[in-house]
Amino acid sequence: MRFAQKYGKWAVIAGASEGIGAAFAGALAERGLNLVLVARRPEPLSELSTQLGVQTITVSADLSTADGLAEVFAATEDREVGLVVCNAAYAPVGSFLDLDQAALTAMLDLNCRTPLLLARHYLPAMAARHRGGLVVMSSLAGNQGSPGIAAYAATKAFGAVLAEGLWSELHGSGVDVLTCVAGAVATPNLREAMAKPAPGTVTPDVVAAAALRALGRGPRIVPGALMRACAPLISHLLPRRTAITLMGRASRGLSAP
């Protein structure tokens, strides 16, 4: 079955203004899906929508809030949403004890509450139609404790585990669920936060392409050959203490944007 037939007519991309979200928008437009592009800043969304060659709806909303989610649900009320990409995320950097409580709460809402409620809103209709898909973006930081980004890593673990559980629950229903567990990705935010690219850094286009190829083939994908090789080593073969130490060293190069 062609991609657009299985996952059309509309796809919702949360966190679509740049980086991985914009790459998903381009890849899905090439596959013939109309797009609901969601992010806080309206200008990048409007610019992106003019480049895609498909029908688009832009929703400028803060998805860490109930009102922001309500705006998305209202914008798609009369449209058949067949694919949802949960890419919106917030990653405050620094010692947990030094981070502002409001920032931690906003991160928890955006990184955990938002994909949970997007899934709960859109999956029932997909299951009733026996077709559809959900992609939840996660991170290799969530595979173990990650000093310097401890709370962010924990939220990414939540998203990955949620998606894997939903993959099993919906397996055989016609609805495909995938968590895309990315390593370093050359997004604008990462360029601001790191002095130099990490080994194995991939482009947003590589991430989006890997996720869409893997959708319907299993519960999890790690984009990039180096990251795919390193992930099981760090997660399963190294002693837990060593894995945490390595992730702490990797995060030392990060700075708050």
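For this chain, numbers begin at 1 and follow the sequence in order. The figures here come from the full heavy-atom set of this structure, side chains too, leaving out hydrogens, waters and symmetry mates.
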Which atom names give the shortest non-hydrogen contact between Ser138 and Ala160, and what distance separates them?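 Reported closest heavy-atom pair: OG-CB, 3.6 Å.
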Will you find, in the side chains of Ser64 and Asp109, an N or O donor that is under 3.5 Å from an N or O acceptor? no
Minimum heavy-atom separation for Ala88 and Leu110, please, with both atom names. CB-CD1, 3.9 Å
Distance from Met137 atom CE to Ile20 atom CD1, nearest 0.5 Å? 4.0 Å
Are the side chain of Ser146 and the backbone N or O of Ile149 linked by a donor-acceptor pair below 3.5 Å?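 Absent.
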Min side-chain heavy-atom separation Leu28-Tyr7 under 4.5 Å: no
Output for pair (Leu212 CG, Glu30 CD), nearest 0.5 Å, gives 10.0 Å
N/O donor-acceptor pair under 3.5 Å between Thr179 side chain and Val136 backbone: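 Confirmed, Thr179 side chain pairs with Val136 backbone.
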Among pairs that include at least one residue of residues 74-86, which meet side-chain hydrogen bond (donor to acceptor under 3.5 Å, both in side chains), considering only residues two or more places apart or in two chains?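 Pairs touching residues 74-86 that pass the test: Thr76-Tyr122, Glu80-Arg131.
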Check the surroundings of atom CZ in Arg113: do more than 12 heavy atoms from other residues, nucleotides or ligands lie under 6.0 Å from it? yes
Are Asp176 and Lys6 close enough for a salt bridge, meaning some N to O gap below 4.0 Å? yes
What's the separation between atom CZ in Phe158 and atom CG in Asn111, rounded to the nearest 0.5 Å?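 That separation rounds to 10.5 Å.
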Quick check: does any side chain N or O of Ser173 sit under 3.5 Å from a backbone N or O of His130, one acting as donor and the other as acceptor?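 No.
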Please list, chain by chain and in numerical order, all residues satisfying side-chain hydrogen bond (donor to acceptor under 3.5 Å, both in side chains) with Arg41, sequence neighbours excluded. Glu18
Over all atoms of both residues, closest heavy-atom pair of Ala39 and Ala16: CB-N, 4.1 Å
For Leu166 against Ala119, the heavy-atom pair lying closest together: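 Minimum heavy-atom contact is CD1-CB, 4.1 Å.
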Validation row: Thr114, Leu118 side chains within 4.5 angstrom (heavy atoms):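 Thr114 reaches Leu118 side chain to side chain.
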Shortest non-hydrogen contact from Ile221 to Ala211?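 Looking at all heavy atoms of both residues, the shortest contact is CG2-CA, 4.2 Å.
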Ignoring hydrogens and angles, tell me if any N or O in the side chain of Gln5 forms a donor-acceptor pair with the backbone of Arg2 under 3.5 Å.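 The answer is yes, because a donor-acceptor pair under 3.5 Å joins these two groups.
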Side-chain donor or acceptor of Asn87 paired with backbone N/O of Gly15 under 3.5 Å: yes
Side chain Lys156, main chain Val181, donor-acceptor under 3.5 Å: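 Here the side-chain-to-backbone pair does not exist.
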Gln51, CD: over 12 other non-hydrogen atoms inside 6.0 angstrom: yes
If we check side chain to side chain contact (heavy atoms under 4.5 Å, CB included) with Leu37, which of these qualifies: Ser60, Ser49, Ser17?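 Going through Ser60, Ser49, Ser17 one by one, the side chain to side chain contact (heavy atoms under 4.5 Å, CB included) with Leu37 is satisfied by Ser49 alone.
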What is the distance from atom CG of Asp62 to atom OH of Tyr90, rounded to the nearest 0.5 Å?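 So the gap between those two atoms works out to 11.0 Å.
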Does Ser168 use its side chain to pair, donor to acceptor, with the backbone of Gly165 at less than 3.5 Å? no
Counting C-beta onward and ignoring hydrogens, is there a side-chain heavy-atom pair between Leu33 and Trp10 closer than 4.5 Å?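 They are not in contact (no side-chain heavy atoms under 4.5 Å apart), so the answer is no.
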From Ile244 CD1 over to Asn143 CG, what is the distance, rounded to the nearest 0.5 angstrom? 12.0 Å
Distance in Å, Thr58 OG1 paired with Leu35 CG, rounded so as to fall on 0.5 Å steps: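 CG of Leu35 is found 11.5 Å from OG1 of Thr58.
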Under a 4.5 Å cut-off applied to non-hydrogen side-chain atoms, are Leu63 and Leu69 in contact?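 Counting from C-beta outward, Leu63 and Leu69 do come under 4.5 Å.
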Minimal non-hydrogen separation, Cys180 against Val207, with atom names: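 Nearest pair, atom of Cys180 first, then Val207: SG-CG1, 3.8 Å.
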Any non-hydrogen side-chain atom of Leu134 less than 4.5 Å from a side-chain atom of Trp167?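 Not touching, per the 4.5 Å side-chain cut-off.
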